[in-house]
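Working notes for the structure below.
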2 protein chains.
Amino acid sequence: MATLDNPVDTACAGDSARCEHISRLLARISDKWSMLVVRVLGQGPRRFNALRRDVGEISQKVLASTLRDLEENGFVSRTVTPVTPPQVEYALTDLGRDFLQPVQTLAEWVLANSPRMDTARIEYAARRALD
Amino acid sequence: MATLDNPVDTACAGDSARCEHISRLLARISDKWSMLVVRVLGQGPRRFNALRRDVGEISQKVLASTLRDLEENGFVSRTVTPVTPPQVEYALTDLGRDFLQPVQTLAEWVLANSPRMDTARIEYAARRALD
DNA sequence: CGGGATCCTTATCGATACTG
DNA sequence: CAGTATCGATAAGGATCCCG
């Protein structure tokens with residue numbers, strides 16, 4: 001009955017426990033900024049404010065907490081060099097570099113298919129308009 | 001200076017416009033539930049309450065708005081059969097099926113690497129404990 | 001420079017009630 | 001069954017100030 005015959009079945013039809021497991025894991029990384037930060041760090045280590053510039057419109061509070069989460073999950077390392085002014089460098093760990101691959105896959109897909117998404121949005125709006 | 005030499009460079013070092021583009025696109029799909037719903041629908045069409053059971057701990061309100069977003073972005077189709085009781089079936093569109101691939105990649109990575117994440121969390125907690 | 005602490009403003013979510 | 005509408009709780013986010 002399954003529509004997919006992928007070799008590794010990670011689906012969770014009827015397996016709600018596994019589905020919840022995936023859910024919790026995805027929830028940890030699928031916030032608005034984590035993947036973006038991982039992507040930027042994939043180009044090399046960054047210091048806090050450099051990271052903030054590269055990521056875009058992110059507040060320092062949110063970036064700080066995002067980095068804490070990423071560090072907690074083992075994606076990012078935080079290296080403090082005690083000089084004046086203090087210097088803190090963020091870099092991807094081995095796990096973070098591994099994670100970069102699926103993230104890039106996703107990012108590339110999204111970039112490549114954004115026209116299709118835009119078209120769908122226009123059609124959706126048109127459909128809604130004539131109700 | 002880049003640490004990656006991937007063929008298709010979708011990174012955004014110094015290209016903040018592109019980065020923001022990716023940011024907006026990722027933000028549209030990287031909420032807590034969208035990928036999960038796409039995954040479940042990847043196993044075949046579902047009606048509202050069946051979907052709700054399969055996804056897990058999601059309220060009807062959030063599922064409804066998630067489905068609206070997915071429909072708006074062209075990932076999911078909504079087919080109403082006017083019978084009593086009313087019957088509404090959700091299914092992946094072509095775009096949604098395409099999207100399934102990077103989503104599965106991500107889900108499989110997360111499943112496979114959750115032990116590493118767990119270990120990192122324990123180590124992080126241990127480090128924090130001796131400050 | 002790299003944040004933590006605080007306050008305040010918004011989204012977000014869950015529960016309940018109600019409609020076709 | 002498949003939702004929408006409304007309300008209250010709660011979490012997320014921005015702005016500002018401050019410290020090492």
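Here is how names work: the chains are called A, B, and so on, in the same order as the sequence lines, proteins then strands, and each is numbered from 1. Because only heavy atoms are used, hydrogens play no part in the values below, and waters and symmetry mates are left out as well, while side chains stay in.
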Does one hydrophobic cluster hold both A:Tyr124 and B:Phe75, with members joined at side-chain heavy-atom distances below 4.5 Å?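 Not linked; separate clusters.
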Do A:Val80 and A:Leu67 land in one hydrophobic cluster if side-chain heavy atoms of ILVMFWY residues count as linked below 4.5 Å?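 Linked, A:Val80 and A:Leu67 end up in one cluster.
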Using the salt bridge (charged side-chain N to carboxylate O under 4.0 Å, His left out) rule, pick out the option among B:Arg47, B:Arg46, B:Arg39 that qualifies with B:Asp54.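 Only match with B:Asp54 under salt bridge (charged side-chain N to carboxylate O under 4.0 Å, His left out): B:Arg46.
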Check the phosphate of D:dC1 against B:Tyr90, side-chain N and O only, distance under 4.0 Å to OP1 or OP2. Yes or no?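 For D:dC1, OP1/OP2 do not have a side-chain N/O of B:Tyr90 under 4.0 Å.
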If only side-chain N and O atoms of B:Arg47 are considered, is one of them under 4.0 Å from the OP1 or OP2 phosphate oxygen of D:dA2?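 It does, given that an N or O in the side chain of B:Arg47 lies less than 4.0 Å from OP1 or OP2 of D:dA2.
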Rounded to whole Å, please give me the gap between [atom1] in [X] and [atom2] in [N].
{"X": "B:Glu89", "N": "D:dG3", "atom1": "CD", "atom2": "C1'", "result": "16 Å"}
{"X": "B:Leu63", "N": "D:dT4", "atom1": "CG", "atom2": "P", "result": "11 Å"}
{"X": "A:Asp69", "N": "D:dA11", "atom1": "CG", "atom2": "P", "result": "15 Å"}
{"X": "B:Leu67", "N": "D:dG3", "atom1": "CG", "atom2": "C1'", "result": "11 Å"}
{"X": "A:Ile58", "N": "D:dG14", "atom1": "CD1", "atom2": "C1'", "result": "12 Å"}
{"X": "B:Arg52", "N": "D:dC1", "atom1": "CZ", "atom2": "P", "result": "11 Å"}
{"X": "B:Gln60", "N": "D:dT4", "atom1": "CD", "atom2": "P", "result": "9 Å"}

Select from B:Ala50 and A:Trp33 the residue whose nearest nucleotide in DNA chain D is closer to the 5' end of that strand.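 Comparing both residues, the 5'-ward one is B:Ala50.
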Between A:Arg116 and A:Asn113, is any side-chain donor less than 3.5 angstrom from a side-chain acceptor?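 A:Arg116 vs A:Asn113: donor-acceptor pair found between side chains.
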For a quick check of understanding: with a heavy-atom distance under 4.0 Å over all strands, which category does A:Arg68 fall into, base, sugar-phosphate or nothing?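 Sugar-phosphate, no base atom in range.
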Assign B:Arg78 to base, sugar-phosphate, or nothing according to its heavy-atom contacts below 4.0 angstrom with the strands shown.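 Here B:Arg78 touches the backbone only, sparing every base.
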Can you tell me how far CD1 of A:Ile22 sits from CD of B:Glu108, rounded to the nearest 0.5 angstrom?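 Rounded to the nearest 0.5 Å, the CD-CD1 separation comes out at 9.0 Å.
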Just how far is it from atom CG of B:Asn73 to atom CD of B:Glu71, taken to the nearest 0.5 Å?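 So the CG of B:Asn73 and the CD of B:Glu71 are separated by 10.5 Å.
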Of all nucleotides in DNA chain C that come within under 4.0 Å of a heavy atom of chain A, which is furthest toward the 5' end and which toward the 3' end?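 So the contact region on DNA chain C extends C:dC1 to C:dC7.
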Assess whether side-chain hydrogen bond (donor to acceptor under 3.5 Å, both in side chains) is satisfied between B:Thr66 and B:Asp69, documenting all intermediate values. CA-CA 5 Å; B:Thr66 299; B:Asp69 285 351; 6.0 Å; no
Among D:dC1, D:dG14, D:dG3, which is the nearest nucleotide to the side chain of B:Ala64?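 Closest of the options to the side chain of B:Ala64: D:dG3.
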